[in-house]
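Worksheet: one structure, shown below.
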Amino acid sequence: MKTHILLIVKVLLLTIILGACDTDEEVYQVTDRTDAYISSVQLYTADNRNVATQVTIDDANGIINVEVKNGVNLAHLKPRCSLAPEATITPKMGVWTNFSVPVKYTVISGSGEVYKEYKIIVVEKE
């Protein structure tokens with residue numbers, strides 16, 4: 001009888017310990033990297049073609065000029081970019097975005113200490 005009670009207590013303790021681990025929480029990895037920059041930009045259409053013909057990144061002023069072929073629908077492009085190692089960007093890239101007006105993005109360093117704002121301006125090549 002005593003062994004059965006000890007077994008039940010052990011099972012209950014194990015259940016409590018395992019139940020306390022919440023695996024649904026997001027885990028944020030913070031590093032000591034302070035780099036926050038965009039090194040390249042691509043703009044994709046619905047048929048998955050990169051239509052950016054020329055990209056100029058003015059890192060000092062946070063302005064990225066992107067030329068696209070004439071006739072591209074600027075209101076429906078999916079941006080992708082390359083960032084500094086371990087940096088993140090907001091708003092999220094890879095979603096349909098209206099570039100008929102300049103769009104602002106913020107790059108956040110891996111350490112979370114450095115923020116760099118960029119404005120992407122898209123124009124049709126004449």
Side-chain angles (χ1 to χ4, degrees):
M1 179 76 172
K2 204 175 199 183
T3 18
H4 290 285
I5 293 174
L6 284 174
L7 181 62
I8 291 171
V9 169
K10 287 180 183 178
V11 170
L12 285 174
L13 284 173
L14 185 62
T15 304
I16 291 169
I17 291 170
L18 291 177
C21 298
D22 185 6
T23 57
D24 292 337
E25 287 185 29
E26 289 189 44
V27 177
Y28 296 98
Q29 181 177 2
V30 178
T31 68
D32 57 354
R33 288 191 176 265
T34 56
D35 298 327
Y37 60 83
I38 295 175
S39 58
S40 69
V41 173
Q42 305 86 36
L43 298 176
Y44 291 87
T45 59
D47 59 357
N48 207 29
R49 287 182 305 123
N50 179 12
V51 291
T53 57
Q54 184 171 346
V55 178
T56 307
I57 300 174
D58 178 354
D59 197 57
N61 294 308
I63 296 174
I64 300 173
N65 290 299
V66 182
E67 283 187 7
V68 297
K69 299 172 186 172
N70 200 11
V72 169
N73 181 3
L74 300 182
H76 192 70
L77 294 171
K78 192 178 285 188
R80 293 188 187 136
C81 72
S82 296
L83 301 173
E86 299 175 8
T88 57
I89 192 164
T90 185
K92 184 178 175 181
M93 289 250 173
V95 296
W96 296 114
T97 305
N98 180 0
F99 283 101
S100 60
V101 295
V103 179
K104 290 184 180 180
Y105 288 93
T106 303
V107 179
I108 306 160
S109 67
S111 68
E113 297 172 0
V114 178
Y115 290 72
K116 174 75 177 171
E117 289 192 359
Y118 287 90
K119 185 184 336 179
I120 298 180
I121 302 168
V122 180
V123 295
E124 290 183 76
K125 186 177 182 179
E126 296 180 16

[X] to [Y] - nearest heavy-atom pair and separation:
{"X": "Lys92", "Y": "Val95", "answer": "O-CG2, 3.5 Å"}
{"X": "Ala87", "Y": "Asp35", "answer": "CB-O, 4.0 Å"}
{"X": "Val114", "Y": "Ser111", "answer": "N-OG, 4.5 Å"}
{"X": "Asp59", "Y": "Lys116", "answer": "O-NZ, 2.6 Å"}

Item checked: Test side chain to side chain contact (heavy atoms under 4.5 Å, CB included) applied to Val66 and Leu74, Val123, Val122, the passing residue -> Val122
Output the distance between atom [atom1] ([X]) and atom [atom2] ([Y]), rounded to the nearest 0.5 Å.
{"X": "Leu43", "Y": "His76", "atom1": "CG", "atom2": "NE2", "result": "12.5 Å"}
{"X": "Phe99", "Y": "Asn73", "atom1": "CZ", "atom2": "CG", "result": "12.0 Å"}
{"X": "Lys69", "Y": "Asn50", "atom1": "NZ", "atom2": "CG", "result": "8.5 Å"}
{"X": "Asn65", "Y": "Thr56", "atom1": "CG", "atom2": "OG1", "result": "6.0 Å"}
{"X": "Glu117", "Y": "Ile63", "atom1": "CD", "atom2": "CD1", "result": "12.0 Å"}
{"X": "Leu83", "Y": "Tyr37", "atom1": "CG", "atom2": "OH", "result": "9.0 Å"}

[Y] and [X], any side-chain heavy atoms less than 4.5 Å apart:
{"X": "Met93", "Y": "Val41", "value": "no"}
{"X": "Val68", "Y": "Glu124", "value": "yes"}
{"X": "Leu77", "Y": "Thr45", "value": "yes"}
{"X": "Pro79", "Y": "Ile120", "value": "no"}

Check: What about Ile89 and Val103, same hydrophobic cluster or not, with Ile/Leu/Val/Met/Phe/Trp/Tyr joined at side-chain heavy-atom distances under 4.5 Å?
Finding: yes
Would you say [X]'s side chain and [Y]'s backbone share a donor-acceptor pair under 3.5 angstrom?
{"X": "Glu86", "Y": "Ser109", "answer": "no"}
{"X": "Thr53", "Y": "Glu67", "answer": "yes"}
{"X": "Thr106", "Y": "Lys104", "answer": "no"}

